[in-house]
Amino acid sequence: MSEITRKHTGQRMSQIVTHGETIYLAGQVGTAGASVEQQTKDCLAKIDALLAEAGSDKTRILQTVIWLADMKDFAEMNAVWDAWVPEGHAPARACGEAKLAREDLLVEFIVTAAKG
């Protein structure tokens, strides 16, 4: 059996969980109250840092689930996402609307990746 490793673990969640060659990140949110563009940039920067710590990078992302507080922000979020994803490395992806943990949070990213 593969070992499970958890990093940045608190009472409620771990920011990184690895099992075998798969990395699972907790949902990442940006600066509360900032624009969707800025929150998306913040999320993606956190994802870059967590993946690096886990021994991977954005070219190894398998799947991303994105929650928007309002689908009207879809194009604004996608503009940042499209500039961030390396060409030829787009993961499987879903995006939907959901009520997030706080009203001033507009976007949340959930990532699963392979180790590098």
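Below, each value reflects all heavy atoms present in this structure, side chains not excepted, and no hydrogens, waters or symmetry copies.
The side-chain heavy atoms of D48 and D57, taken from C-beta on, include no pair separated by under 4.5 Å. At a threshold of 4.5 Å between non-hydrogen side-chain atoms, the residues T5 and V17 do not count as touching. Residues R60 and P91 fail the side-chain proximity criterion, which asks for heavy atoms closer than 4.5 Å. W67 places none of its side-chain heavy atoms less than 4.5 Å from the side chain of E97. No side-chain heavy atom of H89 sits under 4.5 Å from any side-chain heavy atom of I61. The closest side-chain heavy-atom distance from Q39 to F109 is not below 4.5 Å. Using a 4.5 Å heavy-atom threshold, the side chains of R102 and V29 count as separate. You'll find the side chain of S35 reaches within 4.5 Å of the side chain of E76, heavy atoms only.
Each of L100 and V111 belongs to its own hydrophobic cluster when Ile, Leu, Val, Met, Phe, Trp and Tyr are linked at side-chain heavy-atom distances under 4.5 angstrom.
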**Prompt:** Going through the checks in order, is the side-chain contact (heavy atoms from CB on, under 4.5 Å) test met by D73 and V107?
**Reply:** CA-CA 9 Å; D73 296 324; V107 62; over 6 Å; no
For this session: Dump the intermediate steps for side-chain contact (heavy atoms from CB on, under 4.5 Å) on I23 and I16, then the final yes or no.
Result: CA-CA 7 Å; I23 302 162; I16 303 169; 4.1 Å; yes
Fill in: Evaluation steps, side-chain contact (heavy atoms from CB on, under 4.5 Å), between T18 and K115
CA-CA 9 Å; T18 58; K115 283 190 176 180; 4.1 Å; yes
Practice prompt. Apply side-chain contact (heavy atoms from CB on, under 4.5 Å) to the pair I66 and E108, showing each step before the final yes or no.
Written response: CA-CA 6 Å; I66 305 166; E108 181 171 357; over 6 Å; no
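Under the side-chain contact (heavy atoms from CB on, under 4.5 Å) rule, L25 has a single partner from T112, T64, L50, which is L50.
Annotation: the span from T40 atom OG1 to N78 atom CG amounts to 9.0 Å, rounded to 0.5 Å. Considering CZ of R6 and CE of M13, their distance stands at 13.5 Å, rounded to 0.5 Å. Separating the CG atom in D42 from the CD atom in E37 is a distance of 10.5 Å, to the nearest 0.5 Å. Atoms NZ and OG, from K7 and S14 in turn, are 11.5 Å apart once rounded to the nearest 0.5 Å.
When atom types are taken as modelled, the side chain of S56 and the backbone of A114 share a donor-acceptor pair closer than 3.5 angstrom. Within the 3.5 Å criterion, the main-chain N or O of I47 finds no donor-acceptor partner in the side chain of Q28.
Side-chain contact, Q15 with E53: no donor N or O sits under 3.5 Å from an acceptor N or O.
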